[in-house]
Amino acid sequence: MKKTCIVTGGSSGIGFSIMELFIKNNYQVFNLDIQPSSIGIFKQCDVTNVKQVESVIHEISNKHTVDVLVSNAGIHFSGNIENTNEEEFDRVLNINVKGAYAAVKAVLPSMKSNKAGSIILMASDQALIAKQNSFAYNMSKAALASIAKTTALDYASYNIRSNAVCPGTIETPLYHQAINNYCARSGENKDKIHQEEAELQPLGRLGQPEEVAELVLFLASDKAKFITGSLQVIDGGYTAQ
Ligand code: NAD
């Protein structure tokens with residue numbers, strides 16, 4: 001029988017690659033996103049709406065045991081503390097952190113009754129290090145690392161594992177949007193900034209979403225059955241510097 005995986009934010013970028021790889025590996029994959037997906041079973045869902053997340057996940061878990069949750073939906077926002085207004089602060093925290101709170105909480109009853117489960121939170125290298133001009137985003141990703149660890153401790157007795165994946169710079173629509181915004185503000189040339197970003201990485205290139213998906217598949221699998229409460233860095237060496 002196929003295992004069931006719920007992905008949030010699976011319509012684009014890293015989430016899309018995760019969906020592709022899990023489907024290829026014989027998982028039944030549900031995608032909770034605000035924009036439709038071309039693959040998987042799409043469920044229209046805004047992760048900032050806790051009641052909506054609960055109701056969509058309950059609908060799924062009434063029919064299927066949830067084996068894996070990948071809480072991945074997220075947005076990037078640039079700004080130091082002074083250029084982050086209250087509305088922007090709330091938006092980043094609501095999507096990146098409250099969305100994960102809602103999804104994790106909603107899958108736990110199914111995982112607890114099955115005495116098994118793997119929860120993967122898409123954090124960032126910015127859960128481990130701060131980057132300039134990234135006040136709210138840095139904070140949101142550090143919070144996800146904390147959710148991964150706390151959930152690991154609180155639910156280890158149910159054989160539920162919880163880990164955070166911490167990607168460095170990965171070439172996705174979110175990355176391109178962030179570069180476009182920066183270039184629009186600074187007047188810099190996009191190709192030049194893109195090249196500089198690649199050169200900042202010890203491996204000399206940006207990561208690809210498919211590479212992150214492979215790590216997520218591993219963490220979801222029994223091969224990772226002794227791994228919980230961990231922060232898994234996949235960043236081409238960036239945070240080793
Ligand atoms: P992306 O913009 O390509 O995809 C994000 C997806 O989340 C989209 O499908 C979008 O519709 C969905 N989404 C946004 N708001 C939502 C909401 N309120 N409810 C439901 N879905 C929503 O981004 P990506 O680069 O693939 O990023 C995915 C995750 O990986 C994010 O959490 C991001 O912070 C993290 N991450 C990305 C990078 C990177 O360099 N790209 C690095 C580290 C971490």
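Ligands are counted one by one from 1 in listed order, and the atoms in each one are counted from 1 as well. This structure is a prediction, so every number in the text was calculated from the model and none was measured.
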Taking distance alone, no hydrogens or angles, what donor-acceptor pairs closer than 3.5 Å link side-chain atoms of residues 163-174 to residues at least two apart or in another chain?
| unit_1 | atom_1 | unit_2 | atom_2 | d |
| --- | --- | --- | --- | --- |
| Asn163 | OD1 | Gly229 | N | 3.3 |
| Asn163 | OD1 | Ser230 | N | 2.9 |
| Asn163 | OD1 | Ser230 | OG | 2.7 |
| Asn163 | ND2 | Ile227 | O | 3.0 |
| Glu171 | OE1 | Gln208 | NE2 | 3.2 |
| Thr172 | OG1 | Leu174 | N | 3.2 |
| Thr172 | OG1 | Tyr175 | N | 3.3 |

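Using a cutoff of 4.0 Å between basic side-chain nitrogens and carboxylate oxygens, Arg205 and Glu211 are scored as salt-bridged.
In this structure a side-chain-to-backbone donor-acceptor pair under 3.5 Å is present from Ser11 to Gln35. In this structure, Asn85 contributes its side chain and Glu88 its backbone to a donor-acceptor pair below 3.5 Å.
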Under 3.5 Å, N/O to N/O: give me all the pairs between ligand 1 and the protein, one per line with atom names and distance.
| unit_1 | atom_1 | unit_2 | atom_2 | d |
| --- | --- | --- | --- | --- |
| ligand 1 | 3 (O) | Ser12 | OG | 2.6 |
| ligand 1 | 9 (O) | Ser12 | N | 3.4 |
| ligand 1 | 9 (O) | Asp33 | OD2 | 2.7 |
| ligand 1 | 9 (O) | Gln35 | NE2 | 3.3 |
| ligand 1 | 11 (O) | Asp33 | OD1 | 2.6 |
| ligand 1 | 11 (O) | Gln35 | NE2 | 3.1 |
| ligand 1 | 18 (N) | Asp46 | OD1 | 2.9 |
| ligand 1 | 19 (N) | Val47 | N | 3.0 |
| ligand 1 | 25 (O) | Thr172 | OG1 | 2.5 |
| ligand 1 | 26 (O) | Ile14 | N | 2.7 |
| ligand 1 | 32 (O) | Asn72 | O | 2.8 |
| ligand 1 | 32 (O) | Lys141 | NZ | 2.9 |
| ligand 1 | 34 (O) | Tyr137 | OH | 2.6 |
| ligand 1 | 34 (O) | Lys141 | NZ | 2.9 |
| ligand 1 | 40 (O) | Ile170 | N | 2.8 |
| ligand 1 | 40 (O) | Ile170 | O | 3.2 |
| ligand 1 | 41 (N) | Ile170 | O | 3.1 |
| ligand 1 | 41 (N) | Thr172 | OG1 | 3.1 |

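Listed by chain and residue number, Gln44, Asp46 satisfy the side-chain contact (heavy atoms from CB on, under 4.5 Å) test with Ile34 (two or more places apart in sequence, or in another chain). For Glu188, the side-chain hydrogen bond (donor to acceptor under 3.5 Å, both in side chains) partners are Lys192, not counting sequence neighbours.
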